[in-house]
Structure formats: structure tokens, C-alpha cells
Amino acid sequence: MTGSGGPPLQERVEHPNTVERFFLSILSVLILCLLLYRLAVLPELPGGVAFGVWLTAFLCECWFAFIWVLSLNCKWHFIEHKTFPDRLLQRFKSSEQFPAMDVFVTTADPVMEPPIITVNTVLSILAIDYPASKIACYLSDDGCSPITFFALIEAAKFAHSWVPFCKKYGVECRAPFKYFSLSQTVEAHNPSSTFHQDWKEMKGAYEKLAKKIPEAAKKSISDKFSGEQFSDFARVEKRNHPSIVK
């Protein structure tokens, strides 16, 4: 990879946990003793119902011991991975050499997951501080909802203004619904500045977007989703539909 000789972008840090390992060892010994005890009392069982109860308890304890062994590795080695995104420019000569990045967003139900929330997620991804040519965002809608597709079309139009606005003013909270709810974003700047004017325009555009999507959801399918773009959604079932790639 280009610039592979630069500083690492992430580090694996293992924290000492001697005390926790001591208690984990004690618990492991106790579980082993319990299993040995179950096997030791087996010859003394009279049979019949008593054997059935013993077998059930023994199988449950064996399953518990199996799960304990699987989880023991994570508890025994307490590891933290630290990332250093600020080192990207130290490792690569320019931002155009950054590795390409694909981000997948999933949704399934426009009622349980309102499209405006999905739209905010997509917009926040598109506006991150990363070269636009190196990032791609994909949305997977298991519910095959035309309203979700409609919301994405409108979001794509809004992104042409939102993304440059975020990059121009260094916006860190890049989800529009959250950003415009923070009053200090305007109070921290001069009301007569260019920022304030752009902020008002962006807020107005987002409010129109946030109003347009719910209004479209209330209309009939033929009214809101006409045209070639939505023809694939005409006769699809929510739980049984072919793949539609847009």
C-alpha cells in the first residue's frame, strides 16, 4: 500500500488484568469441580426419575461450561484497539492516496425506521472529512419501500449543498437534524457573517426536505411514485421481492 512505511493508523494495546484473571481462574476451577462432582455421584443414583434429573442437570452444566470457555478468551485478554485518523496525512503523501472506503447502511421498515432518520445517517456519512472520490455509501432496504427510495433521491439533491457546507465550515455534527437543533452553532458566530446566511439557507432547505418526505408518505403510491424510476416498486411485496438495484 502507498505510504505503508509511515506511522501506524491503529495500535493494539493489551491492558494488564491480573486481579480479574485470578477470579476467572477460581471460577474455572469451581466449574470443573462441579462437573467432576456430578460424575462422582452417578454410581449412587437409584435410576429412573433420579437419573433423568441428573442427566438434565449435567447436560445444562456442560453447556454452561462450554459457553464459559468460549467467553474466557475475551475476558482473559483485555485488548483495546486505538485508531489515529489524524495520521493519515503523515502516512500518505496526499488525500487522493487515501484508501477507498465503502459504508453500508441498512433499513427494513419505513414505519419502524422513519426515512428521515435513514436520510440523516446517509448525509452524515457523505459529509465526513474524507475525499469524496474515496468514499461510497450504499443503502440496503430489506423492506423494498418506495418511500425510502424517494427519500434518498431527495437526500441526494440536498447533499449537493449540505456536503460543501460541512466541509467549508468544518462541521463536526454532520447529521442535519442534530446539527440544526444546536443553537450554539449560530450563537458562536457573528450574525452578520457569511456563515449565518449560509446556515439559514441550509436550515430552510433541510426543513423543506424533512416536510416533503412525510407528506409524500401520506399520498397514494400512484401519486407520489410515478415514472420510470419507481416502476420496479409497482408490484412488490414487503417480505417477498426480487433484488432491486438503483
Side chain to side chain donor-acceptor pair (under 3.5 Å) with Glu172: which residues, sequence neighbours excluded?
none
Is Lys211 atom NZ crowded by more than 12 heavy atoms from other residues, nucleotides or ligands, each under 6.0 Å away?
no
Who clusters with Tyr138? Use side-chain heavy atoms, under 4.5 angstrom, across I, L, V, M, F, W and Y, and order the result by chain and number.
Phe104
Contacts of type side chain to side chain donor-acceptor pair (under 3.5 Å), residue Glu61, not counting sequence neighbours
Arg38
Greater than 12 external heavy atoms within 6.0 Å of Phe78's CZ:
no
Run the side chain to side chain donor-acceptor pair (under 3.5 Å) test against His160 and tell me which residues pass, sequence neighbours left out.
none
Identify the residue among Leu24, Leu30, Val29 that makes a side chain to side chain contact (heavy atoms under 4.5 Å, CB included) with Ile26.
Leu30
Sequence-distant partners of Phe177, ring-ring contact (aromatic ring centres under 6.0 Å, His included), two or more places apart
none
Under 30°, 30 to 60°, or over 60°: which ring-plane class applies to Phe158 and Tyr206, parallel, tilted or perpendicular?
tilted
Would Ile117 and Ile213 show up in the same hydrophobic cluster when neighbours are defined by side-chain heavy atoms closer than 4.5 Å?
yes
Under the rule for ring-ring contact (aromatic ring centres under 6.0 Å, His included), what residues qualify as partners of Phe66, not counting sequence neighbours?
Trp63
Across all chains, not counting sequence neighbours, the salt bridge (Lys or Arg N to Asp or Glu O under 4.0 Å) partners of Lys203 are none
Could I get the full list of ring-ring contact (aromatic ring centres under 6.0 Å, His included) partners for Tyr130, not counting sequence neighbours?
Phe98
Describe, in one word, how the ring planes of Phe180 and Trp199 are oriented to each other, choosing from parallel (under 30°), tilted (30 to 60°) and perpendicular (over 60°).
perpendicular
Student check: side-chain heavy atoms of Ile116 and Pro214 closer than 4.5 Å:
no
What residues, two or more places apart in sequence or in another chain, satisfy salt bridge (Lys or Arg N to Asp or Glu O under 4.0 Å) together with Glu154?
Lys157, Lys212
Please name all residues satisfying ring-ring contact (aromatic ring centres under 6.0 Å, His included) with Phe23, sequence neighbours left out, ordered by chain then number.
none
Using the side chain to side chain donor-acceptor pair (under 3.5 Å) criterion, which residues pair with Asn17? Sequence neighbours excluded.
Arg21
Grouping I, L, V, M, F, W and Y whenever their side-chain heavy atoms are under 4.5 Å apart, do Phe64 and Val53 come out in a common cluster?
no
If hydrophobic residues (ILVMFWY) are linked whenever their side-chain heavy atoms come closer than 4.5 Å, directly or via other members, who joins Val111 in its cluster?
none
